[in-house]
Amino acid sequence: MVNNNLTMFFEKFLTKESLFKDKKVLQSTYIPDEINHRDEQINTIAQILAPALRKEKPSNLFIYGKTGTGKTLSIRYTAEQMEQVAKQQEVPLSVFYLNCKLKKIADTEYRLIAELARFFGKAVPPTGLPTDEVYNIFFKALDSEERVVLLILDEIDQLVKKAGDEIIYNLTRINAELKRSHVSIIGISNDLMFANNIDPRVKSSLSEEEIVFPPYNALQIQDILHKRSSQAFKDSIITEGVIAKCAAYAAREHGDARRALELLRVAGELAERKGDTTIMITHIDDAEEKIERDRILDIVKTQPKQFQATLYPILMTHQKKKGLVYTGEIYDVYKDLCEKIGLRPLTQRRISDIVAELDMLGIINAKVISKGRFGRTREIALAIPSQVEPKIRKILEEDLGVAA
DNA sequence: CGAGATTCATGTGAAGTATACCTTTAGGCTTAA
DNA sequence: AAGCCTAAAGGTATACTTCACATGAATCTCGTA
């Protein structure tokens, strides 16, 4: 019977007409044929990078701008165009794009270089080799033939924060050792203050050129949304005011276009799932909520056990106390929890670091404060909307095996 | 009453340890001539 | 004799621990007005 129902469901699903014409247009990895409102920046990038096509080394480039201002898009677009030309003209040009935020891929020097080496076709083990050795492998692979390499490091601030700025210094210097190839580094950062916190030498070598991406204004976002939505959705699916609402949401977040597009996509999916034939403003509201919820749930779900075991006490204590929580209390609860579920408890020192990392992930807000006579601690607050809390709690309890 | 000194609870840095994984090397076994 | 496999040796990165010192404002102390 269940089977029968399912078959019916799938059949109906297939006959039902999709709202989307081409969903991938709204996905964040999509690179449109034409980029609006970024002509100036793209031209500048192109001018800076163009020497690569003459087998000369382009200047290192540093790009600033808040999230969703088109940094990644513009650089990828430009790089793609260059690759095409390079292919036609038979210029040896390699573009390597890496997002440093991806944990476990590029959050230490070793892992970054290993990843680079892999890009050039060398197998590098996840651990065990000396870092120097990995550098060598990378060098050799790089210098095995003449070419120009554009190394795009997205969210480079994350990398530096975790692994120090020496990596970049080393990278900027490898040109000196290469005989046949040239490497240009293109760093992208969301953090406008980033440059102030790094070694001046590193800074000067990295940002031979600098470009700042200003946020989109509301009109530009609307324009972008119009263009993309007309490609993504079938005609007359979107009701009046939806685009404006999306743009408004995005503008509230300093003109984050990526967010606006995601909002539109999720709204479409929600509408489709409900069986509605148009996208209405209410769908946008739902989408807003769903995106935030999914983001947090995803982070929580993918955390290592110990991180979850640290988060759980924070959640519980926070609920019970209705307010700010301090490290000491968390650690006590954490130790009890470990005993209950048979997990080897970590030291307070480590927990302190884990709390700091959870803060970086944005699921909690932790601030170091001094309570005078009563010592010094972190003041921890949850950065989770209260509707989501029960779900998080459930996930944690399941993953940790807490008997409720 | 106010300037220092004190104090607490934990932050934070450095160095050490355990674990997991890598490469190299040496020995033992098999295979082919 | 050459080739191949396995186990041990020697080395590294990473996550974590241990040790020791740093922090910074509420509170205390004590000299002074």
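Just so you know, these numbers use all the heavy atoms, side chains as well, and skip hydrogens, waters and symmetry mates. Quick note on labels: first sequence line is chain A, next is B, and so on, each numbered from 1. Please read all numbers here as calculations on a predicted model, not as lab measurements.
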Tell me whether the side-chain N/O atoms of [X] come closer than 4.0 Å to OP1 or OP2 in [N].
X      : N      : value
A:R378 : B:dT12 : yes
A:T347 : C:dT17 : yes
A:S370 : B:dT10 : no

Between [atom2] on [N] and [atom1] on [X], what's the gap in Å once rounded to a whole number?
X      : N      : atom1 : atom2 : value
A:Y110 : C:dA13 : OH    : P     : 8 Å
A:L346 : C:dT14 : CG    : C1'   : 14 Å
A:E109 : C:dT14 : CD    : C1'   : 14 Å
A:R349 : B:dG11 : CZ    : P     : 9 Å
A:Y326 : B:dT10 : OH    : P     : 11 Å
A:D132 : C:dA13 : CG    : C1'   : 13 Å
A:Q303 : C:dA15 : CD    : P     : 13 Å

Determine whether the aromatic ring centres of A:F233 and A:F20 lie less than 6.0 Å apart.
yes
From [options], nucleotide with atom closest to [X] side chain:
X      : options                : answer
A:R111 : C:dT14, C:dA26, C:dC16 : C:dT14
A:Q348 : B:dA20, C:dC16, B:dT10 : B:dT10
A:T327 : B:dA14, C:dA13, B:dG11 : B:dG11
A:T377 : C:dA15, B:dT10, C:dA26 : B:dT10
A:S352 : C:dG24, B:dG11, C:dT17 : B:dG11
A:R350 : B:dT12, C:dC16, C:dA13 : C:dC16
A:R376 : B:dG11, C:dT23, C:dA13 : C:dT23

Is a donor on one side and an acceptor on the other found under 3.5 Å between the side chain of A:N60 and the backbone of A:S205?
yes
Just say parallel, tilted or perpendicular for the rings of A:H37 and A:Y216, cut-offs at 30° and 60°.
perpendicular
Identified salt bridge (Lys or Arg N to Asp or Glu O under 4.0 Å) partner of A:E288 from the options A:R252, A:K245, A:R293:
A:R252
Distance criterion of 3.5 Å, no angle test: do you see the side chain of A:R373 paired donor-to-acceptor with the base of B:dT7?
no
For A:K71, which of A:I75, A:L73, A:T69 qualifies under side chain to side chain contact (heavy atoms under 4.5 Å, CB included)?
A:T69
